[in-house]
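Let me begin by presenting the structure, written as structure tokens, before commenting on it.
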Amino acid sequence: MSSDSLPPLPQNRIVLGCGQVAVDFLATVASFPNPDDKIRSTSLKVQGGGNAGNASTCAARLGLNPRLISKVSNDSHGKGILEELEADGVDTSFFIVSEEGNSSFTYVIVDSQTNTRTCIHTPGYPPLIPEELSQSSLLSALDGVNMVYFDGRHHETALVVAKEAARKNIPILVEAEREREGLDDLLDFATYAICSAKFPQAWTEAPSVPSALISMLLRLPKLKFVVVTLGEEGCIMLERSVYGGSDAEEMDVHCLLESLKLIKDDSKTIPTCISSLETKLSANGIGTITGRLFVGTAEKIPPSELVDTTGAGDAFIGAVLYAVCAGMPPEKMLPFAAQVAATGCRALGARTVLPLRTDPRLASFL
């Protein structure tokens, strides 16, 4: 697909990420080993990883100009991490490089039988601390930025960045993969949240995912929308109404979700999105939010093409960063992000086949 036939790039396309970078050692095995087994890998790949590193790489390939705040050591892993990010167009000038310790790395076991991936992570040492990011560096990193993204790591430094971004009224996207130290403080600043399947209920103690999303919007008044990603089941998104919608109809959120699922066309293999009208959504014992509920589907990837789901969530976030900068409505954003994520599942490693903006598979979504 030629770049001439594409819509213009977003005007404000500088985004700032703050979070984890790593090296991934990805070994594919025929089936997951039992304790004390000795098995051989069927393929091996060594590649940059880490949530913020992957999401920033995805955003760069889609046409944004990402900057990244993180830390590596001056070891072979650290040098490789920086080189790989820079080659993809990620600005690493705000990295802290330690002369001692080790850069982060992860062993990833990809099970061909079950299409699962198991990660064994070794954090970088020494960790990133706020004192290493000078005020002048922080202000430079935020200069001209359209959006800031946090993956929940390096929480003390992330909070310093979040406070300054909020002071400058820069929108903030927080990834909530699981409960982590300092994540609650970051979520207080969030304009947008993207959660793993288990997080909303774990964090709110609500009895179901849809009621947990209502609870999140009630607890976090700055939050404009929250998305929960559900792998091959797609995603659910709850968007807060800007105007309040006092004359909107009231409906139980579970009933609304089930009615949207009934409309879903299961014969389509490409990602789609179904949305409700603006509605007063209620959850028993939790409260009411006026907004819109969205059900996004995932691409139905043929089993012969599904290789590795490592980094699919990071790719989804990278695509959402692009979509928000481009002013895409949720009806377009969710299928686009799902398509980007699915494209990345067709090879070993989180970044191997992350699509460029010119990828023909994205044409109809852009």
Side-chain angles (χ1 to χ4, degrees), residues 147 149-150 152 155 159 162-163 165-166 169 171-231 233-264 273-297 313 316-317 320 324 329-331 333-334 337:
M147 197 167 167
Y149 151 65
F150 300 99
H155 65 276
L159 194 56
K163 283 176 179 172
N169 293 316
I172 291 169
L173 187 152
V174 175
E175 175 185 359
E177 189 178 32
R178 54 192 168 90
E179 294 187 72
R180 300 181 190 280
E181 191 178 354
L183 182 59
D184 286 19
D185 297 329
L186 269 183
L187 282 168
D188 284 335
F189 288 96
T191 320
Y192 316 105
I194 298 183
C195 310
S196 64
K198 292 177 182 173
F199 180 82
Q201 282 179 267
W203 194 67
T204 61
E205 299 182 347
S208 66
V209 169
S211 60
L213 299 186
I214 287 181
S215 180
M216 285 186 75
L217 285 189
L218 289 170
R219 277 175 67 173
L220 302 167
K222 292 178 184 165
L223 207 57
K224 289 184 178 176
F225 70 63
V226 55
V227 179
V228 55
T229 56
L230 305 167
E233 296 298 314
C235 64
I236 303 169
M237 170 172 159
L238 181 56
E239 179 186 47
R240 189 193 303 273
S241 167
V242 182
Y243 305 109
S246 54
D247 53 351
E249 181 188 357
E250 184 165 329
M251 194 168 182
D252 177 79
V253 69
H254 302 94
C255 296
L256 183 58
L257 179 61
E258 289 312 310
S259 67
L260 291 179
K261 284 180 177 175
L262 287 174
I263 308 168
K264 194 170 66 174
C273 178
I274 302 105
S275 64
S276 75
L277 297 170
E278 193 169 281
T279 310
K280 275 185 186 164
L281 295 155
S282 63
N284 195 17
I286 289 169
T288 306
I289 279 284
T290 304
R292 297 172 71 202
L293 192 65
F294 299 82
V295 173
T297 65
F316 187 94
I317 288 171
V320 168
V324 174
E331 294 89 337
M333 175 182 81
L334 296 178

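Along the sequence shown, residues are numbered consecutively beginning with 1. Just so it is clear, the values below take in all heavy atoms, side chains as well, and ignore hydrogens, waters and symmetry mates.
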Spacing of [atom1] belonging to [X] relative to [atom2] belonging to [Y], to within rounding of 0.5 Å:
X	Y	atom1	atom2	value
Lys264	Ile274	NZ	CD1	7.0 Å
Lys222	Ile172	NZ	CD1	7.5 Å
Arg178	Leu183	CZ	CG	10.5 Å
Leu217	Leu238	CG	CG	4.5 Å
Lys163	Phe189	NZ	CZ	6.0 Å
Thr279	Met251	OG1	CE	7.5 Å

Side chain Thr229, main chain Cys235, donor-acceptor under 3.5 Å: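 Not a single qualifying donor-acceptor pair exists.
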Can any side-chain N or O of Arg240 pair as donor or acceptor with the backbone N or O of Ile289 at less than 3.5 Å?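 Checked: no pair found.
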Which pair of heavy atoms, one from [X] and one from [Y], lies closest together, and at what distance?
X	Y	value
Gly152	Leu186	CA-CD1, 4.1 Å
Ala190	Val174	CB-CG2, 3.7 Å
Val228	Ser196	CG2-O, 3.3 Å
Pro171	Thr191	CA-OG1, 3.4 Å

A quick test of your reading: do over 12 heavy atoms of other residues, nucleotides or ligands sit less than 6.0 Å from CD of Glu250? yes
Decide, yes or no, whether a salt bridge links Glu175 with Arg180 under the criterion of side-chain N to carboxylate O below 4.0 Å.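 No salt bridge links Glu175 with Arg180.
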Answer yes or no: is there a side-chain heavy-atom contact under 4.5 Å between [X] and [Y]?
X	Y	answer
Phe199	Glu179	yes
Leu257	Leu293	yes
Asp188	Leu220	yes
His155	Asp185	no
Val324	Leu173	no

Tell me every residue that passes ring pair (Phe, Tyr, Trp, His ring centres under 6.0 Å) with Phe225, counting only those two or more places apart in sequence or in another chain. Tyr192
Check ring pair (Phe, Tyr, Trp, His ring centres under 6.0 Å) between Phe294 and all other residues, then give those that pass, not counting sequence neighbours.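 So Phe294 forms no ring pair (Phe, Tyr, Trp, His ring centres under 6.0 Å) with any residue.
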Atom pairs and distances, side-chain donor-acceptor, residues 206-216, under 3.5 Å, sequence neighbours left out:
residue, atom, partner, partner atom, Å
Ser208, OG, Ser211, N, 3.3
Ser208, OG, Ser211, OG, 2.8
Ser208, OG, His254, NE2, 2.5
Ser211, OG, Ser208, N, 3.2
Ser211, OG, Ser208, O, 3.0

